[in-house]
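Atoms within each ligand, like the ligands themselves, are counted from 1 in listed order.
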Amino acid sequence: MILRQLRDGAADAQAVDDLAGAAFGHLHRSHPAPPGRPAPAVQRLARVRHLARTDPRGCWVAERDGAVLGAALSLRREGVWILALFAVAPEAQGQGVGRLLLERTAAYGRGCLRGMLCASPAPAAAVHYRRAGLTLHPAMTLSGTVDRAGLLDPGDIPVHPGNAGHRHLLDSVDRRVRGAAHGPDHDFMLGHYDELLIADSLAGSGYCYRDGGAVKLLAATSKRIAGRLLREALARVPDGRRAQVEFLTAEQEWAVDIGLEVGLTLGTRGYVALRGMRPPMPYIPSGGFL
Ligand SMILES: CC(C)(COP(=O)(O)OP(=O)(O)OC[C@H]1O[C@@H](n2cnc3c(N)ncnc32)[C@H](O)[C@@H]1OP(=O)(O)O)[C@@H](O)C(=O)NCCC(=O)NCCS
């Protein structure tokens with residue numbers, strides 16, 4: 001078996017996607033997830049290639065006889081190391097492949113005082129993250145059909161669609177709330193998610209990405225702004241689609257309360273794993289970019 005850097009090409013993207021599909025499919029059989037639509041293949045493949053371009057030295061695959069059997073993809077953003085994907089093919093699990101891959105990607109994060117990742121409920125993953133010095137914050141999920149009657153909002157804080165012209169605002173909010181901007185990841189999210197919502201008023205600022213029923217990422221300078229954005233995002237989930245909000249630690253009770261008000265079901269799943277930092281708040285991390 002060899003470890004090599006991920007290449008920015010269709011073949012590697014497909015190989016990583018196939019193996020992630022097999023690894024997470026296997027996991028879902030032992031730890032069922034709330035029903036929800038997976039991201040479209042074109043989006044998943046584009047994300048792998050995006051990371052291969054932005055952080056080639058942080059993205060590694062394990063290969064045996066020409067077949068990719070494991071991958072660990074990480075990125076660095078302004079002093080934060082982020083693990084975006086970690087998976088080993090089911091038939092190769094438990095043989096130390098994950099440990100070797102994680103060591104390689106963690107080396108890319110050396111020098112970053114802070115680290116973040118959204119962890120699955122896999123016990124083998126939690127073992128690795130604790131060994132790497134990350135603190136595990138158990139996470140909640142909200143899912144179900146939005147009860148629109150519960151969405152009444154005074155609307156005193158205007159929310160409007162955003163675009164690449166809001167980049168400065170997005171970066172400012174991220175630096176305040178999580179200590180690092182998302183940088184080029186906004187290009188990806190703007191290009192692939194359904195919409196970006198912006199709140200920017202004298203009371204504070206914030207933003208939220210929504211894609212189908214999923215609230216992908218939300219950051220704001222106050223709970224009031226965050227709550228306004230979350231309600232707006234949930235109001236915009238298309239009829240007939242299930243809403244889904246993931247990776248809510250106890251710090252995000254403001255979001256849990258809104259979800260319960262609008263009839264979503266609360267569950268627990270996975271962890272937000274952090275090193276050198278407390279959970280950002282108010283903040284809903286993106287599983288793929290944190
Ligand atoms: C998480 C994952 C990448 C680990 O890869 P792997 O190649 O199986 O990992 P390794 O063989 O290097 O190590 C697994 C370790 O976890 C331990 N482990 C496995 N299951 C365990 C359990 N139920 N309880 C405690 N420890 C467990 C193993 O004993 C091993 O420890 P060791 O290093 O002391 O031997 C792999 O299991 C996977 O793809 N899971 C599904 C996808 C997933 O959840 N990815 C993580 C996303 S955050």
Counting heavy atoms only, which of [options] comes nearest to [atom]?
| atom | options | result |
| --- | --- | --- |
| atom 1 (C) of ligand 1 | A119, A125, A92 | A125 |
| atom 18 (N) of ligand 1 | A124, A84, P90, A122 | A124 |
| atom 8 (O) of ligand 1 | G98, A72, A22, G94 | G94 |
| atom 37 (O) of ligand 1 | R131, Q93, E103 | Q93 |

Tell me whether [X] is salt-bridged to [Y], with the criterion being a basic N under 4.0 Å from an acidic carboxylate O.
| X | Y | value |
| --- | --- | --- |
| R167 | D174 | no |
| E246 | R269 | no |
| R210 | E232 | no |
| D211 | R37 | no |
| D257 | K223 | no |
| D55 | R76 | no |

Ligand 1 versus [X], non-hydrogen atoms closer than 4.0 Å: side chain, backbone, both, neither?
| X | value |
| --- | --- |
| P121 | neither |
| L27 | side chain |
| Y129 | side chain |
| Q95 | backbone |

*asked:* With a cutoff of 4.0 Å, is A126 in contact with ligand 1, counting heavy atoms of the residue only?
replied: no

*Answer yes or no for H26: is there a heavy-atom contact with ligand 1 below 4.0 Å?*
no

*Hey, does F86 come in under 3.5 Å of ligand 1, counting only N/O atoms on both sides?*
yes

*Please say whether more than 12 non-hydrogen atoms of neighbouring residues, nucleotides or ligands are located less than 6.0 Å from CZ in R176.*
no

Nearest protein heavy-atom contact for [atom]: which residue, which atom, what distance?
| atom | answer |
| --- | --- |
| atom 41 (C) of ligand 1 | A23 O, 3.7 Å |
| atom 23 (N) of ligand 1 | P123 CB, 3.3 Å |
| atom 39 (O) of ligand 1 | V88 N, 2.8 Å |
| atom 15 (C) of ligand 1 | H128 NE2, 3.9 Å |
| atom 11 (O) of ligand 1 | G96 N, 2.9 Å |

*Nearest heavy-atom pair of F289 and L51: which atoms, and what distance?*
CE2-CD2, 4.2 Å

*Over all atoms of both residues, closest heavy-atom pair of R114 and G276*: CG-O, 3.3 Å

So, for [atom], does the protein have a heavy atom nearer than 4.0 Å?
| atom | value |
| --- | --- |
| atom 33 (O) of ligand 1 | yes |
| atom 43 (C) of ligand 1 | yes |
| atom 13 (O) of ligand 1 | yes |
| atom 28 (C) of ligand 1 | no |

*Do the side chains of V16 and V88 join up, straight or via other hydrophobic residues, at under 4.5 Å, putting them in one cluster?*
no

_Please say yes or no: joined through hydrophobic side-chain contacts below 4.5 Å, possibly via intermediate residues, are Y129 and W60 part of one cluster?_
yes

_D8 and H50: side chain donor to acceptor below 3.5 Å_ = no

Using a strict 4.0 Å cut-off to heavy atoms of [X], name the atoms of ligand 1 that fall inside it.
| X | result |
| --- | --- |
| C118 | 48 (S) |
| V127 | 25 (C), 26 (N) |
| R99 | 12 (O) |

*Steps toward ring-ring contact (aromatic ring centres under 6.0 Å, His included) verdict (F24, H31)*: CA-CA 10 Å; F24 285 99; H31 296 79; over 10 Å; no

*asked:* Among L85, L134, I82, exactly one meets side chain to side chain contact (heavy atoms under 4.5 Å, CB included) together with L117. Which residue is that?
replied: L134

